[in-house]
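Letters A, B, ... are given to chains in the order of the sequence lines, protein chains preceding strands, and every chain is numbered from 1.
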Amino acid sequence: MNPGALSLENAPGFWTPVRFFLTVPVFGVIAAGIIFLDGGQLFQSRWLPAPLAVAHVFTLGYIAMAMLGALFQMLPVVMGAALQQAERVAVIAHLLISAGTLCLVFAFLAQVPALFAAAIILLVPVLILFGAGVLVAIFKAGKARTTARAVQLAALGLIVTVVIGGYLASGHASEVVPLNRSLTNYHAAWGVIGWILVLAIGVSEQVIPMFLTTPSYPDLLNKRLVYLLMLLLCAGSLLPLRGLEQVAVVLVSILMLVYATVTLYLLAKRRRKRFDITNWFWRIGMLCLMLGAGINLYGYFGGTLVGADVSVLSGLLLLAGFAVSIINGMLYKIVPFLVWLNLRMPVVMGKLKPGTKFYTPNIHEVINMQPMKIQFMFHVIGLLLLVASVFSQGFLVYVAATAMLLSNLLLLANLSHAVRLYRKYSGQVIAVR
Amino acid sequence: MKMRSLDVRGLEAPEPLERILGELDSLQSDEQLNVTHWREPLLLYPILMERGWQYKTEYNEKNRTYLISIRKDKQ
């Protein structure tokens with residue numbers, strides 16, 4: 001008997017992760033709204049209120065929201081690690097992160113110290129406790145496989161990011177605390193590399209072969225990449241040596257390129273060649289990761305682009321291009337899977353009343369392909385136009401924001417369609433637990 | 001004990017679970033089903049426990065595969 005076996009008492013219910021996933025496109029709509037109203041001024045400098053607000057809508061409202069939802073599902077199902085009181089924790093975490101993100105975004109836009117203070121209270125404890133909870137849950141499960149280790153490291157990355165971010169926000173909230181802007185680069189580096197990228201690597205190691213029928217990641221890359229990234233991140237940010245920081249930045253960029261190249265190669269080697277929208281979202285994401293890493297490196301060594309802020313461009317490619325694209329693709333796999341799982345499990349567990357009608361959805365028909373294709377099209381158009389807007393402010397940014405708005409509204413509609421299907425048929429089966 | 005094999009590597013989720021459950025429906029009490037899988041099927045275990053089946057999972061580090069042996073009688 002396997003000690004890591006999942007008990008259904010520990011399995012998350014349908015709404016535990018789904019409440020996070022449904023909120024993701026709502027924050028996408030908010031980001032598009034801010035970009036539209038700002039009218040393109042936000043691309044002039046990363047230090048302006050609007051780009052800081054949009055960056056945090058993406059990192060907290062979109063990316064962290066999706067990743068927390070995914071972790072609530074993956075920890076027990078993929079890693080055999082159960083979070084205590086997952087349903088209750090999910091409800092509270094979701095509320096705090098939603099409210100905290102809105103506070104932070106309005107704090108940046110309106111520069112209100114009290115809102116920064118509220119954002120700190122709402123976000124910092126819950127994100128640190130969640131990170132710590134993940135670390136403990138995986139440690140208790142005793143799993144030493146790659147994904148679990150990557151998720152543990154990412155949880156550590158999240159904690160460091162939040163601690164630095166909380167300190168920076170307290171500089172905005174109170175005159176007593178100095179606003180140390182030099183920490184911003186470390187906050188961003190730990191967030192993008194230590195939390196988002198490391199978790200993406202860990203998740204893709206599971207999700208890509210599982211849902212896209214690719215070969216597994218190469219063993220060496222698989223086992224070493226996340227450790228190397230974290231080592232370089234620590235060395236670059238903790239040791240006060242300029243030369244070492246430069247080496248770390250170069251090596252991290254190379255590792256980003258390696259991960260993206262290997263992922264693109266694996267996606268080209270899918271065993272089933274059937275058209276799959278997630279495949280295309282991940283391809284776009286990997287291309288953006290390569291471009292973002294390259295441009296970040298170019299800017300770090302003093303490179304400039306005519307009419308564009310290099311750090312804004314690399315941030316846009318890494319957040320709206322890489323992270324948002326792969327999350328979008330992941331949502332189109334994980335939400336239909338959850339609908340299937342929660343309708344199918346009562347049936348296979350023999351938990352139906354005799355004669356109860358039940359429905360087992362085909363996972364490929366939970367969300368129709370055509371609406372997903374249209375949403376993908378708006379996503380790509382929005383992304384391309386946003387990148388173009390960095391170079392050429394003006395009319396273009398309004399079109400970009402509109403495309404992004406439509407993309408997120410369609411994403412919300414597509415995910416809601418899956419949820420409606422679940423609600424329609426879940427009433428016909430008896431809950432497992 | 002008769003042996004039956006099922007290789008679910010390379011199948012898209014949730015097909016591996018459906019295939020395994022399909023095989024188990026016809027598994028006789030003197031048969032053992034040996035499943036080869038890229039991942040550990042954590043969702044399968046509670047179903048097996050609920051149905052009272054015995055299972056054992058071994059991980060092959062070299063091939064990076066899991067071998068799950070399932071039978072109806074007590075081991």
Task: Within 45° cone of A:W280 ring axis and under 6.0 Å: A:R283 NZ or CZ - done: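 Judged by the rule, A:R283 and A:W280 form a cation-pi pair.
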Task: Proximity breakdown for B:L17 and chain A, heavy-atom pairs closer than 4.5 Å - done: side chain
TODO: Compute the ring centroids of A:F337 and A:Y332, then answer whether they are less than 6.0 Å apart.
DONE: no
TODO: Quick one: which of A:D219, A:L212, A:T214 has the most heavy-atom pairs under 4.5 Å with chain B, could you say?
DONE: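 Answer, by heavy-atom pair count under 4.5 Å with chain B: A:D219.
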TODO: Verify whether one side chain among B:E12 and A:T213 offers a donor that lies under 3.5 Å from an acceptor in the other.
DONE: no
Task: Pair B:T65, B:Y59: side-chain N/O donor-acceptor within cut-off below 3.5 Å - done: no
- [ ] Check each atom of A:R270 against the heavy atoms of chain B and say whether the ones under 4.5 Å are side chain, backbone, both or neither.
- [x]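 Answer is neither: A:R270 stays 4.5 Å or more from chain B.
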